[in-house]
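Take a look at the structure set out below.
Quick note: residue numbers are just sequence positions, from 1. Values reported hereafter were calculated over all heavy atoms of this structure, with side chains retained and with hydrogens, waters and symmetry mates removed. For clarity, every value in this text was computed on a predicted model and none was experimentally measured.
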Amino acid sequence: MDNFNRRNFLKTAALAGTALAAPAFVRSAAARTTTITIASLLGDDKPETKIWVKIGELVEAKLPGQFKFNIVRNGALGGEKEVAEGVRLGSIQASLSTVSSLSGWAPELQILDLPFLFRDADHVRKTVAGDVGADLKQKLQAQNFVVGDFINYGARHLLTKEPVTRPEQLKGKRIRVIQSPLHTKLWSAFGTTPIGIPITETYNALATGVADAMDLTKSAYAGFKLYEVVPDMTETGHIWASGVIYYASTFWAGLNDEQKAVFQQASGEGAAYFNQLIVDDESKSVETALANGGKLLKPEAFDEWQKGAQGVWADFAPVVGGIDRIKSIQSA
């Protein structure tokens, strides 16, 4: 082979080698991208989805190309209980949840659900940022839920088909409740029949008469269009609906220290973003509800509402750390 042909042969072989090597390089790069399946109960316009878009952007900025966020919207993966089961099994890597729905695994979480315990959102945030929050994170981690941070869905209010402003007007009604012993106890105290129904099935339950009433935050009230079936909202504000950004322990265990730190920071920033979104969304949600036949009512005999709920404190004190712990939070 002359020199010219030899040079051409070597050049062609080198190019061929590069071409053959390229797919292997691409496969290697793709293998380093981890897809995270995330469950959101609501659509693109709601804080429950926007927070994951935000967290995804924050993670991508620090760990480019390492993670792909697959956000499954509109409750397609089920209600909070079903999603939590998926997270425990590892088929879902992350989601948001009210603490109420996770209290079956960590009963101590119910301290954040005690009726008329918290004054406002700042009071809640101060509580979860301290020792109480740290303890609850450990309880959840023991159940294979890794908490990125706490979030605040806003205050829960009473939703009914007919106006209810006094507690005695609830007697005999069937009320949809979160599948939680505390919520069942609370509404039983007012003479109702509590029925545990996943949030994704609530609209149909109310429309068909399976339930007559429920309680929910203003943001979710509009998000699920519940003003169509329970148009009257009584602003009881009886429970501040705390929640968590949480990850499957199997997913978390696969992260290195740098990745864990990035996800933790992104979750903290995402929580602050979510909390502000909820405040903004509540105003829009009320406007939407009122424009579509919803009505806002003020509770009467407020001390009677509080009195009816006080038995919950006594019943759940042994579960959540004692009455002294409850009173300490109340006075903080």
### Message
Under a 3.5 Å cutoff, is there a donor and acceptor pairing between the side chains of Thr98 and Glu80?
### Response
yes

### Task
Write down the atom of Leu296, the atom of Val286, and the distance for their closest heavy-atom approach.
CD1-CG1, 3.6 Å

### Query
Same cluster for Val147 and Leu58 if Ile/Leu/Val/Met/Phe/Trp/Tyr side chains link at under 4.5 Å?
no

### Task
Kindly indicate whether the side chain of Gln143, heavy atoms from C-beta on, has any atom under 4.5 Å from the side chain of Lys139.
no

#### Entry: Short side-chain donor-acceptor distance under 3.5 Å, Asn204 and Thr208
no

### Message
Checking the side chain of Arg156 only, and the main-chain atoms of Thr217 only, is there a donor and an acceptor separated by less than 3.5 Å?
### Response
no

### Task
Kindly give the heavy-atom pair with the smallest separation between Pro198 and Thr202, and that separation in Å.
O-OG1, 3.1 Å

### Query
Could Asp149 and Arg125 be called an ion pair, given the rule that one side-chain N must be under 4.0 Å from one carboxylate O?
yes

### Message
Strictly below 4.0 Å, N to O, side chains only: are Glu304 and Lys307 in salt-bridge contact?
### Response
yes

### Query
Have Ser267 and Tyr247 got a donor and an acceptor in their side chains that come within less than 3.5 Å?
yes

### Message
Taking atom NZ as the centre, does Lys81 end up with more than 12 heavy-atom neighbours from other residues, nucleotides or ligands that are less than 6.0 angstrom away?
### Response
yes

### Query
Is there a donor-acceptor contact under 3.5 Å from the side chain of Asp212 to the main chain of Arg174?
yes

### Query
Counting heavy atoms not belonging to Glu162, are there more than 12 under 6.0 Å from its CD?
no

#### Entry: Heavy-atom side-chain proximity of Trp187 to His238 below 4.5 angstrom
yes

### Backbone of Leu206 reached by a side-chain donor or acceptor of Lys161 within 3.5 Å
yes

### Message
Would you say Leu96 ends up clustered with Val53 if hydrophobic residues are merged whenever their side chains have heavy atoms under 4.5 Å apart, either directly or through other cluster members?
### Response
yes

### Query
Do Gln110 and Val99 come close enough that some side-chain heavy atom pair is under 4.5 Å?
no

### Message
Applying a strict under-4.5 Å side-chain criterion to I, L, V, M, F, W and Y, I'd like to know whether Phe145 and Phe150 cluster together.
### Response
yes

### Task
Report yes or no: do Phe67 and Val146 belong to one cluster of Ile/Leu/Val/Met/Phe/Trp/Tyr joined by side chain heavy-atom distances under 4.5 Å?
yes

### Query
Taking atom types as modelled and ignoring hydrogens, do the side chains of Asp113 and Ser100 form a donor-acceptor contact shorter than 3.5 angstrom?
yes

### Task
Inspect the contact between Lys46 and Glu48 and indicate whether a charged nitrogen and a carboxylate oxygen are less than 4.0 angstrom apart.
no

### Task
Answer yes or no: is there a side-chain heavy-atom contact under 4.5 Å between Leu159 and Asp215?
no

### Message
I'd like to know if the side chain of Asp281 pairs up with that of Ser219 as donor and acceptor (distance under 3.5 Å, no hydrogens or angles considered).
### Response
yes

### Message
For the NZ atom of Lys218 and the OG1 atom of Thr288, what is their distance to the nearest 0.5 Å?
### Response
13.0 Å

### Query
With distance as the sole criterion, is a donor-acceptor pair present between the side chains of Gln306 and Gln310 under 3.5 Å?
no

### Query
Can you say whether the rings of Phe69 and Phe263 are parallel (under 30°), tilted (30 to 60°) or perpendicular (over 60°)?
parallel

## Note on the structure
Looking only at heavy atoms, the pair that brings Glu282 and Tyr153 closest together is OE2-O, 4.1 Å

### Query
Salt-bridged, Lys298 to Glu235, with N to O below 4.0 Å?
yes

### Query
Should we count NZ of Lys284 as having more than 12 external heavy atoms under 6.0 Å?
no

### Task
Group every Ile, Leu, Val, Met, Phe, Trp and Tyr by side-chain heavy-atom contacts under 4.5 Å, then state whether Ile175 and Ile239 land in the same group.
yes

### Query
Near Asp303 CG, under 6.0 Å, is it more than 12 heavy atoms from other residues, nucleotides or ligands?
yes

### Task
To the nearest 0.5 Å, tell me how far Ser95 OG sits from Glu82 CD.
11.5 Å

### Task
Without swapping roles, check the side chain of Thr49 against the backbone of Gly43 for a donor-acceptor pair under 3.5 Å.
yes

### Query
Does Arg325 pair with Asp135 as a salt bridge, N-O distance under 4.0 Å?
yes

### Task
Return yes if some donor-acceptor pair links the side-chain N/O of Gln259 with the main-chain N/O of Asn256 below 3.5 Å, else return no.
yes

### Task
Could you tell me whether the side chain of His157 reaches within less than 4.5 Å of the side chain of Tyr221, counting heavy atoms only?
no

### Query
Can you find a heavy atom in the side chain of Phe302 that is under 4.5 Å from one in the side chain of Phe116?
yes

### Message
With a 4.5 Å cut-off on side-chain heavy atoms, are Ile278 and Asn152 touching?
### Response
no

